[in-house]
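Worksheet: the structure to be examined is printed underneath.
So you know, we letter chains A, B, ... as the sequences are listed, proteins then strands, and number each from 1.
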Amino acid sequence: MSATAYALPSIVVFVTAAVLIVVGAIGVLAVRNPVHAALSLILTLFGVAVAFIAQSADFLAAVQVIVYAGAIVVLFLFVIMFLGVGRSRHDHVEPLVGQRPLAALGVAVTVGGIIALLARSHWVTGATSVSGSPLVKGTGNVHQLGTAVFTTYLYAFEATAALLVIAVVGAVVLARRERVTEEAE
Amino acid sequence: MIAGADPLFAHGVTGVVILIVLIKVVVGFAAWMGAVTMMIWFERKAISDMQSRVGPQRWGPFGLLQTLADGIKLFFKEDLVPAEADRLVFKLAPYLSLVPALVTFAIVPIGGTLHVAGHAVQLQVANPPMGILVMLAMSGISVYGVMLAGWASGSKYPLISSVRASAQMISYEAALGITVVTVILVSHSLTTHGIVLAQGQGVWHWNVIRLGVVPFVIFWMAITAELNRPPFDVVEAESELVGGFNTEYSSIRFALFYMAEFMNTITMSAIIVTLFFGGPAGWVPPVAHLRWVFPILWFLLKTGIFAFCYVWFRAALPRLRYDQVMDLGWKRLIPLSLGWMLIVAGFLVAPGWGFVMAAAVLLASVVLAIAFERGASRATGPESVLAPVGRRPLPEERLRALTDREEG
């Protein structure tokens, strides 16, 4: 896909993906029922996957659906169902005082930062922007991604892996802690 | 742009190409709906044979039209939505079950390549560049059908069923993904077409033999658990959960779930054949103009064998207990598939590395076995008579232990 002339199919694909993403994202915020919010999140994730495919990032699109839609949101729903949230509780007590203004500030800073970085480009990958295919002809998505992950970004990759393992071990330790003392008393 | 690996789009998308794609979709869909009705008939007939019953016999020869009659009956039954149900999700769930089953079959190659009007037409509905990952993505999505159906019913037993389904399917997805990686490693291709081509040179090149039988066995078990087919159908354990996630469903929505289950059974048989048994590969007799028919026949034969095996499982094997299902997934299949993948990867680099990896995996498995042993004895206590089975104490047993300690 060239950056200058957009063909009609790619415009249709982009608009479809954008509508999916935006509708899903608004749904996550606007819907009261947490299960419906999780479903809206899946809609957004699918939209992002479609956008990935339009950018020739097929592998990323597949992984997006497998990992996020197929595993992470399922775990969200699992927790929501287990706790039975959204059926009876309607208390509006804020657990953290003043979180709303702080959240707004955080969003503003993050969005502003991302827009500034995109405008300046050469951010992480060195590519100017998402337009213009960085794919080398003849090699697949997976090949290039694998080469990048295991050579250029090896340390970042291994650090992420270590972080995830620490998170898993921590979660298991917290979950398996014996609650004998507090129940017996 | 989205064309990817399919040679059909190599010369641009013209009217003829679009027509070919449409024909592929329509023919594939029609043939497949026929296959599903046949599968339902086949399962009922084979099981009744194994149980010394007659089975369906009234409609059509050998009861072949029984499924059609059932479908018509279900269509005209009253469509009930429980008062406590979440109406939107309740109505959405059957389709979330059905669509992944349909989409997955699109990537299965059922034959070789045809040449029609100067276009190379692969006999599969779609050949996306991410190939077999579509299968993993769709099996991830199919969780939602079961899960949301159970939750949206607003009833307790379906809810238990949906919680079970989500935990079970996520657990087995890991083992499933790792075995698929093993296949991709030796095939050098993500596309189903490439995977089938890599196995095309004869029986000895089929992945079931080339990878050692272990990945195939792991994949088969994991995919059966993903499908919620017996012996892993704790989601639909009628002795514990009334009917499982579809207890509150009636009429055509129940039929959709029912169809999705059989569609998935056929699709996954086909996926097993594609990944491990060479897909449409097989002996082709030298007959002019009909050479393209024989790969399809081979494919149908192999898929039929696995479809029969699923029916056989259902008739022969008792259902696993829920904690056994989880133990098998996490403690056996995931470590085994991971270890086997490392060994295969080592042998692909060099035989020396293969043996190094095998030694490392052996060592790791010993450590893991010791860890399981210690964990099991901590959970049940060393003096417990139940310790060797490796069973977790029930909640009431835990409570009893606590009260005993208070008194003593």
- If you look at every heavy atom in Ile107(B) and Thr192(B), which pair is closest and at what distance? O-OG1, 2.7 Å

- Trp151(B) versus Ser162(B), closest heavy-atom pair with distance: N-OG, 3.8 Å

Checking [X] against chain A: side chain, backbone, both or neither under 4.5 Å from a heavy atom?
X         : answer
Val134(B) : neither
Ile184(B) : neither
Ile170(B) : side chain

- Query: Just checking, any donor-acceptor pair under 3.5 angstrom between side chains of Thr191(B) and Ser189(B)?
  - Reply: yes

- Message: Tell me which of these, Leu75(A), Val67(A), Ile42(A), Val63(A), has more heavy-atom pairs under 4.5 Å with chain B than the rest.
- Response: Ile42(A)

- Message: Please determine whether the number of non-hydrogen atoms from other residues, nucleotides or ligands lying under 6.0 Å from atom CZ of Phe52(A) exceeds 12.
- Response: yes

- Working for side-chain contact (heavy atoms from CB on, under 4.5 Å), residues Met130(B) and Phe59(A): CA-CA 6 Å; Met130(B) 61 276 218; Phe59(A) 181 73; 5.8 Å; no

- Go through Ala137(B), Gly131(B), Gly140(B) and name the one with the most non-hydrogen pairs under 4.5 angstrom from chain A. Ala137(B)

